[in-house]
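Quick notes on the structure that follows.
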There are 2 protein chains.
Amino acid sequence: MARRTGRRPGNPDTREAILDAARAAFAERGFDAASIRAIAGTAGVDPALVHHYFGSKDQLFLAAMNFPVDPGEVVPKVLAGGQDGIGERLVRTFLGIWDSPAGTAGIALMRSAVSNEWTARLLREFITTQVLRRVLDQLDVDLAELPLRGSLVATQLIGLAMMRHVIRLEPVASADPETLVVAIGPTVQRYLTGPLPT
Amino acid sequence: MARRTGRRPGNPDTREAILDAARAAFAERGFDAASIRAIAGTAGVDPALVHHYFGSKDQLFLAAMNFPVDPGEVVPKVLAGGQDGIGERLVRTFLGIWDSPAGTAGIALMRSAVSNEWTARLLREFITTQVLRRVLDQLDVDLAELPLRGSLVATQLIGLAMMRHVIRLEPVASADPETLVVAIGPTVQRYLTGPLPT
DNA sequence: CGTTGAGTTCAACAGATGATGAGTTTCGTG
DNA sequence: CACGAAACTCATCATCTGTTGAACTCAACG
């Protein structure tokens with residue numbers, strides 16, 4: 001079985017080049033507006049090769065999104081210090097991620113989620129099952145309050161990311177991260193641990 | 001002068017029908033993804049008629065956005081009660097607008113601003129010159145702090161609108177408005193009148 | 001009536017897009 | 001070496017896009 005002759009699949013890094021170009025394009029223009037031709041162009045590759053590797057534009061998008069920060073690794077760090085100051089730590093970590101290569105994927109996901117229903121579902125599920133659930137699982141609050149607290153936090157953080165990286169409204173767009181941490185941290189803290197409307 | 005013969009322009013409401021269809025389409029799909037053909041279709045009209053009335057897709061978009069809430073009318077109402085409770089009043093008014101017909105235009109503007117540079121500029125200028133400036137002009141705070149306070153508020157409010165009307169994350173998406181007012185009002189209040197990082 | 005001009009439609013162009021399938025090159029293995 | 005499979009390219013299709021210009025309809029005016 002499995003006669004393995006022929007050229008080995010351990011191919012060079014053109015596959016990664018395509019993924020990089022795809023992430024950049026999706027981040028800059030969103031899913032619909034980013035064209036496979038343009039992606040292939042900046043990757044120095046024939047458009048058909050993209051299909052050869054990834055099959056369809058949808059699957060290319062999925063592949064390009066497939067190295068976000070692993071929430072299972074980063075969330076515990078944020079929670080490590082206990083409930084005191086968790087708001088500021090969360091905002092600080094959140095801001096840091098957007099400046100990393102994973103942030104490109106995040107911007108791509110956010111941009112795409114706005115005009116494309118299935119990418120919106122993707123973002124929603126990522127937020128709920130990957131981030132909020134992990135954070136709130138380890139937080140000492142009433143179980144019935146978790147969803148509201150979680151989505152309130154999401155409200156503030158997504159708004160922050162939108163203003164800073166998509167709409168680029170000044171001075172938030174180029175503000176020093178620590179300034180934002182001090183300003184917004186208490187908000188997140190209150191949403192997580194403060195009193196809530198009934 | 002002005003020899004006026006021929007069919008009078010006192011035409012029926014097909015022009016308004018086009019604008020309604022355009023607002024709906026832009027709100028649902030964003031500027032790029034909304035097609036003139038689809039708009040003409042739901043308006044029961046030939047696509048060429050859209051161009052006859054509005055010239056180009058850009059101008060159609062501008063015309064469709066041209067009946068937002070007049071900020072010059074709504075802002076004073078929010079400010080009327082003084083600084084106490086202005087946070088809650090702002091959130092309440094903000095939420096109300098999105099459920100009105102003008103909210104459709106707002107969603108359209110937000111959706112479009114994400115994947116289209118010139119509509120993003122439009123949204124940015126609307127936020128800064130029409131809303132934030134008016135609100136902060138009448139607020140008793142240090143002039144140097146205005147931009148930061150303003151964009152922090154924008155951060156929270158845009159995030160709220162995004163989560164409630166675009167991403168539709170539960171339970172924020174279908175929460176009772178007053179619940180959100182009580183939860184988010186204090187945040188806005190603090191951004192406007194509370195202490196700030198230096 | 002008959003001319004005028006706005007309301008409206010038809011047909012078509014030029015460009016871009018995602019996708020396909022056949023073909024060519026390149027290289028590891030037997 | 002020779003063969004097979006993967007990496008890669010070319011040409012092309014069908015579709016959709018915004019936009020244009022010529023045509024037709026028809027109510028109002030002289």
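These numbers come from the heavy atoms of this one structure, side chains and all, not from hydrogens, waters or symmetry mates. Letters A, B, ... mirror the listed sequences (proteins, then strands); counts begin at 1.
- Pairs of residues two or more places apart, or lying in two chains, that qualify as ring-ring contact (aromatic ring centres under 6.0 Å, His included) and include a residue from residues 75-117 of chain A are A:Phe94-A:Trp98, A:Trp98-A:His165.
- Remark: A:Ala48, A:His51 in residues 42-51 of chain A come within less than 4.0 Å of DNA chain C through at least one heavy atom.
- Between B:Asn116 atom CG and D:dT17 atom C1' there is a gap of 15 Å when expressed in whole angstrom units.
- Taking side-chain N and O atoms only, A:Tyr53 has no distance below 4.0 Å to OP1 or OP2 of D:dA6.
- Side chain of B:Arg37, nearest nucleotide from C:dA19, D:dC8, C:dC13: C:dC13.
- Without hydrogens or angle criteria, A:Arg164 side chain to A:Ala175 main chain gives a donor-acceptor distance under 3.5 Å.
- Here the rule is side-chain contact (heavy atoms from CB on, under 4.5 Å) with B:Val188, and of B:Leu152, B:Ile86, B:Val153, B:Val181 only B:Val153 fits it.
- At least one donor-acceptor pair closer than 3.5 Å links the side chain of A:Arg111 to the backbone N or O of B:Val114.
- B:Ser151 places a side-chain N or O within donor-acceptor distance of the main-chain N or O of B:Leu148, the cut-off being under 3.5 Å.
- Atom pair B:Gln59:CD and D:dT19:C1' shows a separation of 13 Å (rounding to whole Å applied).
- With hydrogens and angles disregarded, no donor-acceptor distance shorter than 3.5 Å links the side chain of B:Arg23 to the backbone of B:Ala108.
- Protein atom NZ of B:Lys57 is 16 Å distant from nucleotide atom P of C:dA16, rounded to whole Å.
- Between the P atom of C:dA6 and the NE2 atom of B:His52 lies a distance of 8 Å, rounded to the nearest Å.
- In this structure, A:Phe54 places its CZ atom 15 Å from P of C:dG18, rounding to the nearest Å.
- Whole-Å rounding puts the B:Ile39 CD1 to D:dT19 C1' distance at 14 Å.
- To the nearest angstrom, P of D:dT17 lies 15 Å from CG of B:Leu60.
- When atom types are taken as modelled, the side chain of B:Thr119 and the backbone of B:Ser112 share a donor-acceptor pair closer than 3.5 angstrom.
- Within 4.0 Å (heavy atoms only), A:Ala34 reaches sugar-phosphate atoms of the nucleic acid but no base atom.
- Distance, A:Asp32 CG to D:dC16 P: 15 Å, rounded to whole Å.
- Taking side-chain N and O atoms only, B:Thr14 has no distance below 4.0 Å to OP1 or OP2 of C:dG7.
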